Colleague: 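Sharing a structure here in structure tokens format.
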2 protein chains.
Amino acid sequence: MARRGTSRNSGKTDLDARKATILEAVVAEHIDTAQPVGSSAVAQHADLGVSPATVRNEMVSLERGGYLAQPHTSAGRIPTDKGYRYFVDHLQSGELKAAQQYQLRDFFSGVRGEVEEVLERTSALLAQLSGYTSVIVGTTATHSTVLSVQLVNLERRHQLLVTVFSDGTVLKHSVVTTEDIEYATCLEASAQLNALLIGTTLESRVQVPSRSDSVSHLIAEAVSVLHAERPTREDEKVFIGGASKVAEVFDGVETVRQVLSILEEELLVVSLVEDMLDRGVSVAIGSEHGYAPLSSAAVVVAPVHVDGVAAGAVGLIGPTRMKYQEVMAAATAVSKNLARHFEGGASAD
Amino acid sequence: MARRGTSRNSGKTDLDARKATILEAVVAEHIDTAQPVGSSAVAQHADLGVSPATVRNEMVSLERGGYLAQPHTSAGRIPTDKGYRYFVDHLQSGELKAAQQYQLRDFFSGVRGEVEEVLERTSALLAQLSGYTSVIVGTTATHSTVLSVQLVNLERRHQLLVTVFSDGTVLKHSVVTTEDIEYATCLEASAQLNALLIGTTLESRVQVPSRSDSVSHLIAEAVSVLHAERPTREDEKVFIGGASKVAEVFDGVETVRQVLSILEEELLVVSLVEDMLDRGVSVAIGSEHGYAPLSSAAVVVAPVHVDGVAAGAVGLIGPTRMKYQEVMAAATAVSKNLARHFEGGASAD
DNA sequence: GACTGGCACTCGGTAGAATCGAGTGCCAAT
DNA sequence: ATTGGCACTCGATTCTACCGAGTGCCAGTC
């Protein structure tokens, strides 16, 4: 599975063809078995007509190059992060299994409902397809404009500001005042807020009239609450699917704990994924992303573009010895389907 | 710790004082050490002036009664679910440690923001206080009435129905039509919907005028989408804190996996908690709740009442050998603080 | 009759020793 | 450059012995 001797020797760190084949065989085998891989296994399994002894020599060289490591003398080799990196970089992209393609199509042909619900269920699907924990980050396009604003009188001194954006997002914010607010005041403020904000984005500068009547106060307060939204970045929703897979695919209680605790911190997950997107990386192995507790994990992401605009990403988290080919296929497939869903379908993200 | 020889012998299944003491000692010790508890340990630790031999005799009797079990001959005893049940039933409620009380007070004196955010952070706090995974279920009071309805024109054939309830909840629903909707139609429909729905609950029967102009169609569609909400129960938000604790406190990968997968199913968690609330149970041990995958877990819940009305619950999930006293203290303390927060504070739930 | 000390017995856990074998590194031969 | 051969390493497995915590039971004591 997934082998190809002919490697391009254009890149600078490229290995010669045979080393590459051997490295790839070791990685593939180790991903399969979770065991150190020995020279004879490689000699058999990779069909270069060469004896184990030769393979051993090459392996020594690969170890010197930092691609392989030995748990102890007289055990087989295990890929290092660098080894995995090479493997991934030289992986030709694969296809989803037919059964999974059907499943995907099925799912997306039948899915309906709110954005959040779709993403939630999609992340469950992706986890199930891939066998690993999935992450879907919905980047609320900061470009989306305000479609409607409304102040609702919850209690005398407590208004709820409900803002609807062009991408279908609804934000709510409490506006607490020191004085009782009349219903009429609230209505009036709503109307003015609408006039003021419709068509703007959260980043727009808005000129708030600074008169000192109660309506103006309310408006000023509402606008400031709404714009305070920015720094918290809380509008980036994260959907995690198959969290229980963590216990299956990672070894060691401590590792499981660490991965879970990362997943709990939504902000961390978001910035991890965004960092990768920014750097244009689709796979981060081991310590390649800077997140220490995830150093025994690999993260695969695929961006989601809706109508040509970055709208978020889907990701998968597993051990460094995860099934990259399948996982990447699943991620890109889901990302594409998701994009198509939101482009063609009733909702936008 | 947590022992009291004087047990009431009013209940029917009550054990005599000494058996009770012994049982309690075994449970307490086992919770502490996670090891089978032997007769001599009990004899020393519980200060009834009795020899190990006597304790042994009693233990045999307790084993016959189904309170204790032996992993194998010549090991100590381990409590059964029934044993834990007795222990919990005869536990006098404890206090939070002073440091934790401060922490709680601190938290609630400083907390601000939307309901969802408060609950999210509270569940993290509770997990941290108790050392176990926490669950907070916000039961949207089905009594809360509609304060405002608004149809927003997202795309030509796609409207967003935004409904604000008296408890501050905001629901959004997509309304997809087969024909293009004019802006004016949308406005008109909004106005009529407001007239129709304000003051009603989701359970109210609403008489929709059945004329066949586009506005009426839109209204009918909107109302039906809104009322379709009911059966899915999706408005009951669940907040889980400290999911990573699962890996710490449960033994065995498989158990961890099962507990995590339960936690993933929000609906399951909700019904588990609601079942317990309905039955007025605050602790469910082992298989007492009917959820097989959680049979090695215990669940502690404390209802949250806001202004005398059931508004949700806080819960904790741990192994059957969890620190019941501390955990129950933490749950009730948080529940009370939460109630006070929403009663006094700016937001209601 | 309740309690206890004594004692034989059980059985899981641990420590050592022996063994196995997969895998290595190296060297001499091709 | 490749390879067969070989000595060597070292984790994993098995086996044994053994220790000791803990039990159940019995006979003796208060």
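Just so we're on the same page: letters track the sequence lines, and every chain starts at 1. Predicted, not measured: the structure shown is a model, and the values here were computed from it.
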Colleague: Specify the separation, in whole Å, of atom CD of A:Glu29 and atom P of C:dG23.
Modeller: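 A:Glu29 atom CD is separated from C:dG23 atom P by 10 Å.
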Colleague: List the protein contact pattern of nucleotides 3-17 of chain C with one symbol per nucleotide (5' to 3'): B for base contact, S for sugar-phosphate-only contact, - for none; contact means a heavy-atom distance under 4.0 Å.
Modeller: SBBB---BBS-----
Colleague: Checking A:Lys245 against A:Tyr132: charged group under 6.0 Å from the ring centre and within 45 degrees of the axis?
Modeller: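 Pair A:Lys245/A:Tyr132 does not count as cation-pi.
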Colleague: Could you tell me how far apart B:Gln44 (CD) and D:dA21 (C1') are, to the nearest whole angstrom?
Modeller: 13 Å
Colleague: What's the closest nucleotide to the side chain of A:Ser40 if the choices are C:dT24, D:dG22, C:dG23?
Modeller: C:dG23
Colleague: Can a donor-acceptor pair be found between the side chains of B:Glu326 and B:Gln100 at a distance below 3.5 Å?
Modeller: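 No, B:Gln100 and B:Glu326 have no side-chain donor paired with an acceptor closer than 3.5 Å.
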Colleague: With a 3.5 Å distance limit and no angle check, can you tell me whether A:Ser134 reaches the backbone of A:Ser123 through a side-chain donor-acceptor pair?
Modeller: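 Yes, because the side chain of A:Ser134 sits within donor-acceptor range (under 3.5 Å) of the backbone of A:Ser123.
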Colleague: Rounding to a whole Å, what distance do you find between A:Met59:CE and C:dG23:P?
Modeller: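 Result: 9 Å.
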Colleague: Mind calculating the distance between NE2 (B:His45) and P (D:dA21) to the nearest angstrom?
Modeller: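 Answer to the nearest Å: 17 Å.
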Colleague: Indicate the atoms forming the closest heavy-atom contact of A:Leu68 with A:Glu63, along with that distance.
Modeller: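 Heavy atoms only, the tightest pair is O-CG, 3.4 Å.
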Colleague: Is B:Arg85 salt-bridged to B:Asp89, going by a charged N under 4.0 Å from an acidic O?
Modeller: yes
Colleague: What is the distance, rounded to the nearest whole Å, between atom CD of A:Gln70 and atom C1' of D:dG11?
Modeller: 13 Å
Colleague: Just how far, in rounded Å, is C1' of C:dT24 from CZ of A:Arg64?
Modeller: 14 Å
Colleague: Which whole-number value in Å describes the distance from A:Lys19 NZ to D:dT2 C1'?
Modeller: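 Whole-Å distance recorded here is 14 Å.
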Colleague: Applying the side chain to side chain contact (heavy atoms under 4.5 Å, CB included) criterion to B:Ser335, which one of B:Val314, B:Ile136, B:Val301 satisfies it?
Modeller: B:Val314
